[in-house]
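One structure below.
The chain is numbered in sequence order, starting from 1.
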Amino acid sequence: MMLRALLLAGAASWAAPAFAQDQAIAPDDGGAAPVVTAAAADEPAAQTTPPVASGEIVVTARRRQENVQDVPIAVSVVSGATLDAVGTYNIQRLTQLAPTLQFYSQNPRNTFINIRGIGAPFGLTNDGFEQGVGIYIDDVYYNRIASATLDFVDVERIETLRGPQGTLYGKNTTAGAINITTRAPSFEFEGKAEVSLGNLDFVQGKASISGPLSETVAARLSVTGTSRRGTLFDTYKSTYIQSQDSIGVRGTVLWRASPNLAITLAGDYNLQDPNCCAFAYGGYGPTQRAANRQYPALISYFPGYSVPSIDPYDRLTDADAALRARNEHGGLSARAVWDIDDANTLTSVTAWRYWDWSPANDRDYTGLPIYTAVNNPTKQNQYTQEFRFNHQGDGYDVVFGLFGFYQEIRTSGLQQTGPAASRWLLAPPSGGVCTPTATALACNPAVLNNVVAINDIRLDNTSLAAFAKLNWEFGRLTVSPGIRLNYDNKDGLYDSVVTGTASDGTRQVVSAAPGSPYFSDPWTAAQRGVQASQFFEPQYDAWNLSYDVNLRYEITDDVNLYANYARAFKTGGINLNGVPADANGAPILAAGTIEPEKVDHFEVGIKTQFLDRRATLNVTGFWTEIRDFQANVTNGQFGTIRGYLANADKVRSRGVEADFSIRPSAQFNAYLSGAYTDATYTRFTDAPCPPELSGGTTVTGSQVPGPAGVPGSLSPANCDVSGQVLPGVSEWTASWGAEGNVPSTLFGEEGQFYLGYDASYRSDWSSNPSPSIYTNVEGYSLHNFRGGFRTDRFDAFAWVRNAFDQDYIDLLLAGTGGNTGLIAAQVGDPQTWGGTIRFNF
């Protein structure tokens with residue numbers, strides 16, 4: 001492991017980390033808990049943040065500095081001290097603090113983030129569509145979620161904004177934004193370091209140092225590394241997989257070019273190279289396939305083979321193909337903030353980022369050589385330029401922005417079948433038994449062995465936008481309209497060339513097309529039924545207009561009402577994973593592009609503080625309707641299974657969120673956040689069928705398939721899932737916790753003994769694009785404890801996460817084409833425990 005040499009000592013602020021979930025906590029008069037503040041996004045970083053009133057949490061969610069309680073949108077704020085205390089070192093762990101945030105990952109590339117159940121299609125990643133949740137680090141937009149699966153490096157705070165944000169943020173986002181701010185260089189010398197050790201060979205180190213290089217130049221250098229043994233044992237290779245192995249480095253230089261101009265240059269490098277990723281056996285559920293083509297029969301065709309365990313919580317698998325999940329990314333940025341005068345500020349953010357993804361996967365979810373390689377290595381370069389002009393007037397302020405984005409993605413994919421593919425994927429002989437004289441293609445391993453698809457996938461993506469946001473005060477009423485004009489252009493290429501040995505064993509058939517001399521050859525037809533060549537060049541080009549209006553009414557200094565309406569668009573996309581074929585085997589070009597999402601979003605809320613601002617209660621109600629919702633669907637043509645993007649007619653996400661926190665004294669604080677989310681397909685009449693209704697002969701609407709889950713011979717061409725739940729979102733979610741401390745002296749050092757508790761809960765949820773009785777994930781709760789001693793110079797504590805060793809599932813999916821009945825499971829982390837020590841100087 002690359003981290004074995006990285007044992008860093010550490011430190012953090014001694015003050016009790018006050019978690020802020022869309023709220024602000026007032027410290028006691030002694031000031032034991034620090035006020036969470038941040039420099040304004042458009043204020044030179046060289047300047048000192050102006051003091052704020054007791055109890056305020058200052059954020060820049062709306063591109064200006066303001067108290068989070070005055071922001072008329074739902075926004076959660078988590079400080080860097082809280083992230084350190086609860087062990088939240090990446091976005092996945094952030095979900096335990098933010099109930100309406102969902103994060104799912106099969107591997108770094110196949111990762112998606114949703115807010116309130118919307119944001120990205122649930123399933124395999126397709127490079128041709130946009131994310132609905134934008135991720136920004138120091139004002140730089142990260143286009144692919146995979147390039148943001150990094151460990152947090154020296155973070156000051158994370159703001160999670162819920163709902164459309166296109167009129168304030170560079171890239172249009174329809175579901176929300178995660179705005180991460182790192183610590184700026186300091187003109188006073190300072191440093192921090194920490195080391196954590198735990199079970200599963202967990203080692204994590206973090207360090208940062210900052211200080212002046214001259215009177216006008218300051219710098220900060222931060223490094224982090226994480227290593228942990230895998231939680232899933234691969235019996236085929238006799239090794240642990242699903243490990244963690246990452247390192248990140250970030251450097252920042254601040255140049256105070258003049259009293260009114262600050263320029264910040266930043267660069268970062270991140271590498272995750274774990275032994276990853278595979279699934280455990282999750283179960284079997286009958287489909288409409290003939291019984292001799294379903295999982296129990298298929299397994300019986302390989303005498304002597306059995307899965308390592310039928311209990312996923314044994315955490316055993318037998319992935320026989322090579323595994324790799326090397327994810328390298330980094331970039332450079334330049335941010336200039338010019339205070340033209342007291343009322344006007346101009347900001348420029350220029351950035352380049354790259355992403356290099358090198359995978360190897362076992363996509364049949366068995367220990368049999370069915371698919372011996374399913375790999376899509378990808379390289380990306382992206383360039384962004386944003387200009388913002390802030391004007392502060394008398395009773396109003398306004399932000400104007402221009403944003404430019406260019407992205408280039410090149411993927412060179414490989415999919416290869418192995419010697420077990422014929423028996424698994426082709427129709428068995430009569431009786432299902434292969435004899436020495438059997439002529440069925442399924443009985444000949446050579447038919448599908450070494451059939452290879454080589455994929456060339458390309459995307460050139462350009463996006464341009466102009467946006468503006470006005471805040472106009474009328475006494476206690478503030479009206480905030482916004483507008484955005486957006487242009488998107490996507491040019492793509494999908495070229496999959498399939499090769500395989502034909503029946504006489506002497507000739508290679510390359511890209512055999514319908515009507516060619518080889519296509520009628522039984523071997524070739526069987527090969528192309530499993531993997532078929534395909535070529536098309538999708539293109540998308542469109543303008544759209546978004547707008548919103550926010551209303552805030554200040555009843556008292558501590559009570560604010562707000563209401564929002566947004567009309568937003570998520571840009572159209574192109575399919576770059578292949579598309580369905582027509583009866584002649586030609587690609588259906590109409591499926592090459594997908595329509596943009598049209599979003600109508602309504603939100604009302606109240607933000608309150610009481611008990612001398614020692615308590616905060618905020619409540620939000622939301623209602624989002626999306627027409628032409630972009631969804632992952634699955635199509636089988638000639639037996640070829642393709643996942644691709646399409647549009648569902650309409651979906652709806654509605655619900656209520658509530659956040660409460662209290663700090664009655666410097667010795668105790670507590671929080672409770674919860675959400676009810678009703679996210680459903682309002683209308684989706686031609687959805688892909690769930691596994692229990694798939695796999696049989698396609699029938700028309702006048703014919704009736706077999707009962708759900710009972711093997712039959714008929715399957716509907718598609719299913720009506722109107723009124724059913726969207727994937728990935730729980731109806732009920734919550735997070736809660738508390739911390740208490742006792743002032744004490746230890747070894748002559750004055751400080752505090754403290755004990756903290758944090759927990760999260762989510763109810764059951766669907767893990768399939770069309771809800772299935774086989775892939776419904778049961779609800780669960782996770783409980784974490786920490787306790788130790790801290791002073792103003794160090795913090796040493798022990799921790800335990802998933803303290804009660806709760807068995808839970810991160811993801812369930814239908815394996816090997818989706819209609820054999822095999823269900824694969826991604827199991828959540830078991831109990832982990834360890835200790836951390838931090839120092840600062």
Side-chain angles (χ1 to χ4, degrees), residues 20 22-24 26 36-43 49-77 159-169 173 176-177 179 342-345 347 388-401 467-484 546-568 600-610 613 616-624 657 659:
D22 191 17
Q23 56 198 307
V36 181
T37 61
D42 294 308
E43 175 185 321
T49 303
V52 294
S54 174
E56 290 187 357
I57 294 178
V58 177
V59 298
T60 57
R62 296 198 298 165
R63 301 308 195 192
R64 62 190 181 111
Q65 179 177 310
E66 55 190 334
N67 180 4
V68 69
Q69 289 298 104
D70 295 333
V71 178
I73 58 176
V75 53
S76 305
V77 188
E159 303 164 13
T160 303
L161 292 74
R162 306 189 285 275
Q165 306 297 327
T167 64
L168 271 171
Y169 280 76
T173 55
N179 188 27
D342 290 342
N344 299 289
T345 300
T347 301
R388 290 196 305 271
F389 177 76
N390 290 51
H391 173 72
Q392 181 70 50
D394 185 11
Y396 73 94
D397 64 83
V398 64
V399 177
F400 299 97
F467 55 93
K469 187 73 171 180
L470 171 67
N471 299 296
W472 201 343
E473 298 178 359
F474 299 90
R476 289 186 173 272
L477 175 66
T478 301
V479 180
S480 304
I483 193 168
R484 178 189 185 91
S546 303
Y547 49 89
D548 61 26
V549 61
N550 310 98
L551 303 177
R552 179 176 73 92
Y553 185 75
E554 186 180 15
I555 298 177
T556 70
D557 289 345
D558 294 327
V559 180
N560 284 282
L561 296 175
Y562 69 91
N564 302 326
Y565 168 72
R567 178 61 187 271
D600 286 292
H601 174 76
F602 304 86
E603 189 169 308
V604 295
I606 183 171
K607 297 190 175 187
T608 68
Q609 288 186 297
F610 48 97
R613 295 191 175 181
T616 299
L617 174 63
N618 298 329
V619 181
T620 301
F622 61 91
W623 188 301
T624 304
E657 302 162 347
D659 307 302

Testing the 3.5 Å rule here: is there a donor-acceptor pair between the side chains of N618 and Q69?
yes
I'd like to know whether D659 forms a side chain to side chain contact (heavy atoms under 4.5 Å, CB included) with T616, so could you lay out the CA-CA distance, the side-chain angles of the two residues, the decisive distance to 0.1 Å, and finally the verdict.
CA-CA 8 Å; D659 307 302; T616 299; over 6 Å; no
Under 3.5 Å, side chain of R567 to main-chain N/O of Y547, donor-acceptor pair present?
no
Salt bridge E657-R162, side-chain N to carboxylate O under 4.0 Å
yes
Any donor-acceptor N/O pair, N344 side chain to F389 backbone, under 3.5 Å
no
Using a 3.5 Å distance criterion without hydrogens, assess whether the side chain of E603 forms a donor-acceptor pair with backbone atoms of A74.
yes
side-chain contact (heavy atoms from CB on, under 4.5 Å) partner of R552, the single match among N471, V71, T478
T478
Can you tell me if T620 uses its side chain to pair, donor with acceptor, with the backbone of G605 under 3.5 Å?
no
Note: R484-D548 ion pair, threshold 4.0 Å (strictly below):
no
Smallest heavy-atom separation, V604 atom then A563 atom, equals CG1-CB, 3.9 Å
Tightest non-hydrogen contact, residues P164 and A568, listed as CB-CB, 3.9 Å
Only one of L551, L470, N550 clears side-chain contact (heavy atoms from CB on, under 4.5 Å) with V479; which?
L551
